[in-house]
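First listed ligand is number 1; within each ligand, the first listed atom is number 1.
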Amino acid sequence: MKTLSSVLVFVLVACFPYIECSAQERPPVIDMHMHAHHIPLDLPPGAPPPCLPRPCQPEGAATATSDESLQKTLEAMQRYNIVLGFLSSADLDIVQDWMSAAPDRFIPSPFIEAPGDLSPDMLRQEYEVGRLAGMGEIGSQLLGVPPNDPALAPYYELAEEFDVPVLIHTAGIGPPVPGFRTGAGNPLLLEDVLVRHPDLRVFVENSGYPFLDDMIAMMYQYPQLYGDLSTITWVIPRPAFHRYLEELVRAGLGKRLMFGSDQMRWPEKIGEAIEAIEEADYLTEEQKRDILYNNATRFLRLEAEPR
Ligand SMILES: [Zn+2]
């Protein structure tokens, strides 16, 4: 199995058959929250993306096929110099299709919704042969199952054993599915997990939005905990996103926040998400580089100098 560090070294020094080897003007980005044509709702092609608060009028049209999602995602990755993406789907065949199409561009990972649907025994075999290298997004909150539910324990044990990064949806907002429970997403509910699995490398979707104070408390107390800035770059009003990001940075947590797009079937959201970080006039250039790249290299333990 290739280590993640060897993947990044390849990314930094090599060109890809489907990408021109011209000099990249943009500095590199790591996208810590991507999906392989996955969405928790079965939406028709052309459906608009989610937005909050409803009623609202989002811009965008869902892709029709996995291949369209892949091609448009790769185009955005080239345009914005995204060298690596943490990629998940509940359909592991689709994840492998994307890996075959773009080797070394993604960290392949299973989307866990109902605990047990993707069995820990099956996943163990995938980790053993190196077909998976991450855990999650764990999206059991979409069914009202909180992160400290015992049904998730086998997944944490697997992630700890194979030392893979874990993305978990533990936040106040989510897709409009009947089973979703805001109350099952308070970041404080992660505490039992972090105590029981001290070596787990966890990052939280949307840094727990909007549970700001609870997320700060958890990140202060558990230095291994990171947060992503993903869907909130485009699903909520932009001023609300900036307020949240600024508060996290003012709390001193700017070294543990990582960019993600959560593009699902709307690849155009990748560019919007990056631009949301870049337009933050309260951040220094170094702080933006930390969020867009440097923090992820540390979290993923990639052997690369910050750029
Ligand atoms: Zn997601």
Any donor-acceptor N/O pair, Tyr226 side chain to Arg201 backbone, under 3.5 Å: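 No, Tyr226 side chain to Arg201 backbone: no donor-acceptor pair under 3.5 Å.
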Is it true that Glu272 and Lys269 have a side-chain N and a carboxylate O under 4.0 angstrom from each other?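 Yes.
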Before accepting this row, confirm whether a basic side-chain N of the pair Arg243/Glu246 lies closer than 4.0 Å to the acidic partner's carboxylate O.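 No, Arg243 and Glu246 are not salt-bridged.
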Only to 10 degrees, please: what angle do the NE2 atom of His35 and the OD1 atom of Asp262 make about the Zn ion (ligand 1)?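 Rounding to the nearest 10 degrees gives 80°.
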Hey, mind stepping through Phe203 and His33 against ring pair (Phe, Tyr, Trp, His ring centres under 6.0 Å) and telling me if it holds? CA-CA 10 Å; Phe203 66 112; His33 195 141; 7.5 Å; no
Glu137: which N/O/S atom is nearest the Zn ion (ligand 1)?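 In Glu137, the N, O or S atom with the shortest distance to the Zn ion (ligand 1) is OE1.
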Contact check: His33 to the Zn ion (ligand 1), N/O/S below 2.8 Å: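 Yes - counting backbone and side chain alike, His33 has an N, O or S atom under 2.8 Å.
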